[in-house]
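Below is one structure; the comments refer to it alone.
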There are 2 protein chains.
Amino acid sequence: MTTKRRAPRQSDVARAAGVSQSAVSRVISGDTDTARIPEETRRRILDAISELGYVPNAAARNLRNKSNRLLGVHTFESVFPHARSDFYFEFLLGIEERAEEVGYDLVLFTSTGTRDGRRRIYRDGTNRLNLADGSVLLGVATNREELARLAAEDYPFVHIGRREVPGADIPCIVPDYADAAGAIVDTLARRGHRDIAYVREPFDQESYLDRRAGYEEAVRRLGLTDRSPGARGEPNLTEEWLDDLVAGPETAVVAESVRLAEELRTGLAARGATIPGDLSVAVLEGVWPGTSAVWDCLQVPRKQIGRLAIDALVAMVEDPAQRARSVLVPCEVVPGETVADPRTD
Amino acid sequence: MTTKRRAPRQSDVARAAGVSQSAVSRVISGDTDTARIPEETRRRILDAISELGYVPNAAARNLRNKSNRLLGVHTFESVFPHARSDFYFEFLLGIEERAEEVGYDLVLFTSTGTRDGRRRIYRDGTNRLNLADGSVLLGVATNREELARLAAEDYPFVHIGRREVPGADIPCIVPDYADAAGAIVDTLARRGHRDIAYVREPFDQESYLDRRAGYEEAVRRLGLTDRSPGARGEPNLTEEWLDDLVAGPETAVVAESVRLAEELRTGLAARGATIPGDLSVAVLEGVWPGTSAVWDCLQVPRKQIGRLAIDALVAMVEDPAQRARSVLVPCEVVPGETVADPRTD
DNA sequence: TTGAAAGCGGTACCAC
DNA sequence: GTGGTACCGCTTTCAA
């Protein structure tokens, strides 16, 4: 085997072509404005380039240009192990697709893993992401400190999903849960449901806050009645509340998640009530294959969100002057088999 | 919003700490050998660093170090669109996992797409891969010219799957199809099959060549008889051949792919023959969920191959002196429901 | 038109 | 121990 030879540099090309290094640089970057290189010289240089198999050094270019057409993807948990049917996969689909379209490569930041499976952006004080011109961040276990620090550093990034951090405004691509929740209440009202209930998750992440805001607004706007503890911020889905529910005036329930809806169904079944016969149920979450029922629910356009994240990021990267803005992405409401007209008893 | 400020550099830190820039550099790279910085100075520097929020510049580092702990992944077709259940996914799983373990980040080269969905390594003469210290290549539509050029350039890379290119030896991580094919013939022979047939794909890619080599070797070694055109390199699975097969002495068939096996089954059924009642069938390919039968087949350890690819690559990258070697990865033979003892008629 | 030269931000060697 | 300094490969200004 030939011994490892040094990769050719511009100076080598220059020597071979009998010109100066800067001439080579100009030809390569196609700098036609400043200095028009005569066709003759140009040819010689180009020939030398292919002769020597010259390839520009990416690192050196970045150093000069402060850009390498590289976009980072940082997930706060490892991507692939869970990707098959979950959360990340569709986002990545859109991210990859759009990145290819706009001509950027993607860096998957994986080396920052800690033993507990969580991933960090900063490792011994250094921000790995800096390698890319900008990054898309996603993950449920978002580290808000790191987010704040990143924002303070003015590093260009977008987060998929809304994340509020005091003192920093994070550009996010977020599903419009509020709007979708409102739309779901609309469909219930349109069918004639007047008394409805709300079942909440014990989390107060932004996405749930959004759902609640949309729900409450719609209930108020439509003049519906909701006497459920869930709507007032108390945990519900207790045995007592279920008893109360089946005995009460409610004809429909809105659940924040499939998990809750499934639990609700079990509880109702135990009390001889069926869905949607006795009670309609709608879910404020995308439904995955494999759940026990075809829930009426909303659909998060994950792939589209991935694409939009790239668009937003590229905008920031290409024009650092503009501050990032968040993007609200509408969710579709998909009909299922768990909402019907109210029972008439 | 604060106006975009220049990121702090080592010289800024140095000034703030009242030391020289090289001292800063030493503290940061933890250069304890050459020059031990007194705890006092060290503190001052560290303080200045966190004060200013200094972050090392990746590009500059690469330029010096000629390494950025970045491994590339280039697929000759787009990854995600097909990834869900296919080919790429498991490889990526292993690649990501192992890269994380050894502390490298991954660059997904996506920017080189052409309108026809194919991806190229070289775009207007420049090799994007150069950005990473080394790359893993995969894809069915491997571009051999590019492979050759890459090898000629001495760029560190490994290919998943065997690829031969005249004049270059490509380091590959390859499933040991030959061995697995032999093992499958062994199991048939062990059951008492003496007359067997082979059904081939109309492709002559390396992976098929390997299967054929392993098959032929085993048939010879075990003294079995194979009079099928498939074994001699002619296309088979024609109507005539099927007629011949059901009338002939063969009690088992080895098919190169699930596709062929399925077709075979259809053809046999049309002739009133069943699998494995009349004829045993084994497949020289991993079987995906969703096929019509539980074929006896081999299993390509995709995830493991991904991990091994990273190991091989890292070895090349960290010691450029050593020439890359290919790695043969054993495949398991998994029993199904399509191989039985030979019919005794 | 073309070349010389000054950096981009770090690293590492070499005197002091 | 510490600071000065050459250089990594490329881009861009400035003279010639």
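Residue numbers begin at 1 in each chain, while the letters A, B, ... track the order of the sequences.
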Under the side-chain hydrogen bond (donor to acceptor under 3.5 Å, both in side chains) rule, what do N130(A) and N57(B) come out as? Steps first, then yes or no, please.
CA-CA 7 Å; N130(A) 247 303; N57(B) 176 313; over 6 Å; no
In whole angstroms, how far is the P atom of dC10(D) from the CG atom of N62(A)?
12 Å
Between E101(A) and R98(A), does at least one N-O distance fall below 4.0 Å, as a salt bridge requires?
yes
Using a 4.0 Å heavy-atom cut-off across all strands, classify V24(A) as base, sugar-phosphate, or nothing.
nothing
Give R9(B) one of three labels, base, sugar-phosphate or nothing, depending on what nucleic acid heavy atoms sit under 4.0 Å from its own.
sugar-phosphate
Nearest-Å distance, CG (L63(B)) to P (dA12(C))?
13 Å
Can you tell me if K66(A) touches the phosphate of dG9(C), counting only side-chain N or O atoms and a distance under 4.0 Å to OP1 or OP2?
yes
Protein-nucleotide distance (R42(A), atom CZ; dT2(C), atom P), rounded to Å
12 Å
Residue-phosphate contact under 4.0 Å: S25(A) side-chain N/O, dT11(D) OP1/OP2:
yes
Is the shortest heavy-atom distance from the side chain of Y104(B) to the side chain of V314(B) under 4.5 Å?
yes
When you get a sec, tell me which of dG3(D), dA6(C), dG1(D) is the closest nucleotide to the side chain of R64(A)?
dA6(C)
Counting heavy atoms from C-beta on, name the nucleotide in dG3(C), dC13(C), dG7(C) closest to the side chain of R26(B).
dC13(C)
Rounded to the nearest Å, what distance is computed from the CG atom of residue N68(B) to the P atom of nucleotide dG9(C)?
18 Å
Within the structure, does a side-chain N or O atom of R61(A) lie under 4.0 Å from either OP1 or OP2 of dT11(D)?
yes
When you get a sec, tell me which of dG3(C), dG10(C), dT2(C) is the closest nucleotide to the side chain of S22(A)?
dG3(C)
Tell me which nucleotide among dG4(D), dG9(D), dG9(C) gets nearest to the side chain of N57(A).
dG9(D)
Using a heavy-atom cut-off of 4.0 Å across all strands, would you classify S11(A) as base, sugar-phosphate, or nothing?
nothing
Roughly how many Å is it from CZ in R15(A) to P in dC10(D), rounded to a whole number?
13 Å
Without decimals, in angstroms, what is the distance between N65(B) CG and dC7(D) P?
17 Å
Is the phosphate of dT2(C) approached by Q21(A) (side-chain N or O, under 4.0 Å from OP1 or OP2)?
no
Atom CD of Q10(A) and atom P of dG7(C) are separated, to the nearest Å, by 19 Å
For F76(B) and H74(B), take the angle between the two ring planes, folded into 0 to 90°, and tell me which bin it lands in: parallel under 30, tilted 30 to 60, perpendicular over 60.
perpendicular
Could you check how far CG of L131(A) sits from P of dG9(C), rounded to whole Å?
15 Å
